[in-house]
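Keep in mind that what you see is a predicted model, and the values were worked out from it rather than measured. Naming convention: chains lettered A, B, ... in sequence-line order (proteins, then strands); numbering from 1 in each chain. Heavy atoms only: backbone and side chains are in, while hydrogens, waters and symmetry mates are out.
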Amino acid sequence: MNHKPRVRFAPSPTGYFHVGGARTALFNWLFARKLKGSFILRIEDTDEERNKPEWIKGIYDALNWLGLNWDEGPYRQSERYQLYKKAADKLIEQGNAYYCECSKEDVAARALPNSTPGYDGFCRDKNLGPGPKRALRFKVPPIGVTVVDDIIRGQVEFAHSSFEDFIIVKSSGGPIFVLANVVDDADMGITHIIRGEEHLPTTPKAILLWKAIYPDIPIPRYAHVPLLVNEKRQKLSKRRDPVALEDYKNQGYLPEAMLNYLVLLGWAPKDGREVLNLDEMINEFSLEEVNLSPSFFDVKKLRHFNGIYIRDLSDKDFISLCEPWLNTSKIEKTSNNLETFSKLAPLVKQRVEVLGQVIPMVEFAFADEVEIDEKSWQKSVLKNKDLSLAILSESFEKFLHLDWDVESLHKSLEEIGQNLGLKLSKTQASIRVAITGNSVGLPLFDSMVIIGRDICLLRISKAIERLKLELSD
RNA sequence: GCCCCCAUCGUCUAGAGGCCUAGGACACCACCCUUUCAAGGUGGAGACACGGGUUCGAAUCCCGUUGGGGGUGCCA
């Protein structure tokens with residue numbers, strides 16, 4: 001058996017693509033790449049009511065953004081109904097399936113209290129033919145157990161008595177996902193099914209179907225990866241949790257950081273390293289080492305990783321990755337401004353964790369007039385009015401004729417501070433607010449050099465004016 | 001209700017019977033570095049859910065309890 005493994009990622013387009021799906025896709029992809037197998041994309045769109053075309057596009061976009069390229073597909077289940085029909089017919093023929101005319105209400109009404117609920121086999125021996133409002137059910141063998149042999153969890157047993165004759169074809173004629181799943185997995189030669197743990201309870205049904213339809217094809221190996229949960233330890237939900245991959249993209253997370261963080265949820269490399277590039281992940285990842293317990297998607301740690309990956313970018317790459325944010329900012333894209341931005345970029349790069357933080361950090365350099373943050377003004381200027389005025393006035397004079405470079409600025413401010421008995425950290429504070437509008441920000445002297453002497457002097461003089469005004473009040 | 005899964009610092013994890021006084025990372029705190037903020041460095045606080053076994057020895061194996069989660073749909 002030198003068969004290369006074939007795995008599939010089979011999302012259903014019933015909502016935006018989320019981080020849990022991304023992790024499942026990643027695990028599949030890593031497994032395939034490591035063993036030189038095939039990674040197949042299959043869209044499970046058999047739910048006529050909830051599927052939307054834009055969600056399908058969302059899947060492609062997400063996978064492309066992450067760089068999880070697929071070798072085959074995308075297959076669409078909605079285009080393969082004949083196959084499912086054929087399988088269903090075979091089951092009927094073999095006596096493994098039967099039509100049922102019970103409505104949901106009928107089933108519920110007959111369900112026994114305090115026991116295994118669900119369908120009671122009412123139509124099992126009625127020998128009904130097809131018809132409107134009739135669904136097809138699989139005849140579950142009443143006794144025995146089905147064992148799921150899971151790579152991550154080992155052997156998991158399910159007694160047949162614990163589940164009902166489940167529906168495999170809806171009365172609309174559409175297949176239920178377990179059926180479609182089995183048929184496609186067999187048809188596509190899938191060897192390993194790697195998916196979320198929420199599918200574990202339906203796996204025995206799939207195995208039963210598989211054995212009935214494809215007695216000669218070996219059942220794939222299963223690997224149910226632990227769920228991703230929220231802070232309340234519940235399965236991540238598209239509706240209540242901030243899990244849309246696209247949102248992370250839009251906030252300025254890098255795909256590399258996302259993948260790196262995701263791979264660490266439920267798996268860890270043998271040594272202590274946590275920062276891994278794709279090649280390292282491919283080489284070291286192994287399904288057998290995947291954890292059993294659910295993990296919390298912790299944005300804080302993701303942010304930390306993103307910061308690492310941003311700092312690791314070349315200045316050039318960083319600048320071009322900032323473009324979307326620059327485009328939607330108020331900053332005009334003049335060549336002058338672009339040059340200023342590229343000079344600021346290296347300073348910014350080391351201080352952001354997501355790209356969305358970039359623009360607020362550099363805006364001061366482009367505005368005609370700085371917007372002064374009131375709290376900063378209070379704290380760094382007003383609190384010691386007289387000192388601030390002295391610092392601002394003196395520096396204005398000195399800056400008039402100073403060599404306009406970081407070193408000179410540094411020295412001259414140090415001198416001003418010494419005369420007033422202040423440390424540089426104190427001295428620079430009021431200048432910083434006057435020029436950048438904020439008490440925290442990029443290295444001041446570099447910023448000053450980049451935006452130029454004229455603007456700096458103008459802003460200092462404005463600050464002096466304002467201070468004097470407030471002093472006289 | 002019934003079925004199934006899971007259980008190490010707040011979080012992600014290392015740990016496959018003695019190497020554990022339980023290691024690392026994020027977050028947190030302190031200090032250092034420093035023109036602010038970051039980054040970096042040093043240090044600190046912080047966990048084996050509980051109860052029984054098995055064993056000379058258990059975070060590691062078994063059983064139970066408790067807790068959490070998932071499934072139970074003519075959704076996937």
Nucleotide of [options] approaching [X] most closely (side-chain heavy atoms):
{"X": "A:Arg311", "options": "B:G71, B:G40, B:C75", "result": "B:G40"}
{"X": "A:Glu274", "options": "B:A14, B:A25, B:C12", "result": "B:A25"}
{"X": "A:Asp298", "options": "B:G10, B:C74, B:G24", "result": "B:G10"}
{"X": "A:Pro294", "options": "B:U36, B:C6, B:C75", "result": "B:C6"}
{"X": "A:Arg153", "options": "B:C12, B:C6, B:A38", "result": "B:C6"}
{"X": "A:His304", "options": "B:C37, B:A27, B:C4", "result": "B:A27"}
{"X": "A:Phe296", "options": "B:C12, B:A76, B:C75", "result": "B:C12"}
{"X": "A:Leu227", "options": "B:A27, B:G70, B:C12", "result": "B:G70"}

Nearest-angstrom distance from the residue atom [atom1] of [X] to [atom2] of [N]:
{"X": "A:Phe305", "N": "B:U13", "atom1": "CZ", "atom2": "C1'", "answer": "11 Å"}
{"X": "A:Lys205", "N": "B:A76", "atom1": "NZ", "atom2": "C1'", "answer": "12 Å"}
{"X": "A:Glu353", "N": "B:A39", "atom1": "CD", "atom2": "P", "answer": "7 Å"}

Using a cut-off of 4.0 Å on non-hydrogen atoms, how would the nucleic acid contact of [X] be classed: base, sugar-phosphate, or nothing?
{"X": "A:His199", "value": "base"}
{"X": "A:Lys426", "value": "nothing"}
{"X": "A:Phe177", "value": "base"}

If we call it a pair only when both distances are under 3.5 Å in a Watson-Crick or G-U wobble match, what pairs with B:G51?
-> B:C63
Base-pairing mate for B:A58 - Watson-Crick or G-U, with both contacts under 3.5 Å | none
Check whether the ring centres of A:Phe285 and A:Trp267 lie less than 6.0 Å apart, and answer yes or no.
-> yes
Carboxylate-amine/guanidinium proximity below 4.0 Å for A:Asp271 and A:Arg273 | yes
Could A:Glu197 and A:Arg153 be called an ion pair, given the rule that one side-chain N must be under 4.0 Å from one carboxylate O?
-> yes
Mark yes or no: A:Arg23 above the aromatic ring of A:Phe27, with NZ or CZ under 6.0 Å from the six-membered ring centre and no more than 45 degrees from the axis.
-> yes
Taking the side chain from A:Arg351 and the backbone from A:Leu347, do they hold a donor-acceptor pair closer than 3.5 Å?
-> yes
C1' spacing across the pair B:U11 / B:C28, given as an integer number of angstrom | 12 Å
